[in-house]
Amino acid sequence: MKIATWNVNSAKARLPNITEWLTAAAPDVVLFQEIKCETAAFPAAAFVELGYEVHAVGQKAYNGVAILSRQPVTDLLTRLPGDEEEDPQARYVEGTIGGVRIASLYLPNGNPPGDGDSDKYRYKLRWMERLRLHAKGLLEAGAPVVLGGDYNVIPAPEDVYDPVGWRNDALFRQETRLKFQEILALGYTEAFRSLHPGRHPAYTFWDYQAGAWPRNNGLRIDHFLLSPQAADRLMGCEIDKAPRGKEKASDHTPVILEINA
DNA sequence: ATGGTGGATCGTCCA
C-alpha cells in the first residue's frame, strides 16, 4: 500500500499540480493538509475521476485536511478528540483502510512563540498532547496505525538548514521536540528517519521567500509515524522533491510511504 | 529593522 502525504497550500489553487502528480505517482491513499476551503468547496470530483473515494474536513480560508483512497474508508473520525468544543479548527481526519488505521493531520504552527507562552504556541503544545493521548489509545486498539501529515515539527538539527537561527522557532523549540519525542516514546516509529538515518539534508518544505528553494534552505516537517504493527510492514519512505520545483508549487512537497499490503 | 512570497479574501491573517 502506497500512502502519500502532502500539504498542498490550497487545494483549489494547486489542483492542476495535484492531479498531474497523482496521475504519475499513483498512490493508493493520499493525505492532504491545508486544503484552505470549506468541505463543500473541496474539488472532490477531480479526485473521484482519478478513482479515489474522498473524505475532506474543511473550514473557510484556513487549515483543512482530507483523505483520498482507492479502497473504501470506514469508521471515519473528523476531529482530534479532546477540547472539541473549544477547537473549531479543521486539522484532523482518520479512517480505516484495508485494516490500517490512517490519519491525515495538520499540527498547529505555533509561531510566534514568545517565550513559549504565546496563545498560538500554547495551542500547539495542547494539540500535541491531545495527539499523544489519542495515539496512545490507537495502540491499544490493535490495528496497524499510520499517522501522516504536516507536523510542523523539526525533529532534529539535521532537519533544518540553520539550526542555530531556528532554535527559538515554534517548529524547533526544545519543548516542541520533547513533546514529539513523547509520542515516539509510546512506541511509534518515524518512518523516513528510521529508514534513512544518515540522509540529510532531506527537506519537505521550502519557504516561498528569500530564495529558500534555489538555496535549499528547507525544513523536514512532514512525517509518517507508524505503530509497531505498521513499522513491521514498512517497505519504504521517500520525499519527492519534483513538485516543489513546478510553476505554482505548494511550499511543501509530498512524502510517500510504502507498507506491505 | 524591514521586507522578502503566496493564498484566501477583500483589510488583514496566516504561514
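Sequence lines set the chain letters: A, B, ... in the order given, protein chains first and strands last, and positions in each chain run from 1. Please read these numbers as outputs of a predicted model, since none were measured by experiment.
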Would you kindly give the CG-to-P distance between D251(A) and dA15(B), to the nearest whole Å? 12 Å
Is R14(A) close enough to dG7(B) that one of its side-chain N or O atoms is under 4.0 Å from OP1 or OP2 there? yes
Step-by-step side chain to side chain contact (heavy atoms under 4.5 Å, CB included) determination, L257(A) to L226(A): CA-CA 10 Å; L257(A) 177 80; L226(A) 311 184; 3.8 Å; yes
Could you work out, with side-chain hydrogen bond (donor to acceptor under 3.5 Å, both in side chains) as the rule, every residue matching D28(A), not counting sequence neighbours? none
Contacts of K12(A) and N152(A) projected onto DNA chain B by closest heavy atom; the upstream (5') one is K12(A)
Can you list every pair that meets ring pair (Phe, Tyr, Trp, His ring centres under 6.0 Å) and has a residue in residues 49-87 of chain A, with sequence neighbours left out? none
Nearest-Å distance, CZ (F205(A)) to C1' (dA15(B))? 7 Å
Atom-pair distance (CD on E34(A); C1' on dC13(B)), nearest Å: 12 Å
Over all strands shown, is Y106(A) touching base, sugar-phosphate only, or nothing at heavy-atom distances under 4.0 angstrom? sugar-phosphate
Starting from C1' on dA15(B), measure out to OH on Y151(A) and report it in whole angstrom. 20 Å
Minimum heavy-atom distance V153(A)-H223(A), with the two atoms named: O-NE2, 2.9 Å
Taking atom C1' in both dA15(B) and dG4(B), compute the distance separating them and give it to the nearest angstrom. 14 Å
Rounded to whole angstrom, note down the P distance from dC10(B) over to dC14(B). 14 Å
Between P on dC14(B) and CG on D207(A), what's the gap in Å once rounded to a whole number? 17 Å
Would you please confirm or rule out a distance under 4.0 Å between OP1 or OP2 of dG6(B) and any side-chain N or O of K36(A)? no
More 5' along DNA chain B: Q209(A) or A249(A), using each one's nearest nucleotide? Q209(A)
Any side-chain N or O of K120(A) under 4.0 Å from OP1/OP2 of dC14(B)? yes
Whole angstroms only, please: what is the CG-C1' distance between L219(A) and dA15(B)? 12 Å
Expressed in angstrom and rounded to an integer, what is the separation of E247(A) atom CD from dT5(B) atom P? 15 Å
Between P on dG6(B) and CH2 on W213(A), what's the gap in Å once rounded to a whole number? 15 Å
Classify the side-chain pair H134(A)/E94(A) by whether it contains a donor and acceptor separated by less than 3.5 Å. yes
Quick one: which of dC14(B), dA15(B), dA8(B) gets closest to the side chain of Y62(A)? dC14(B)
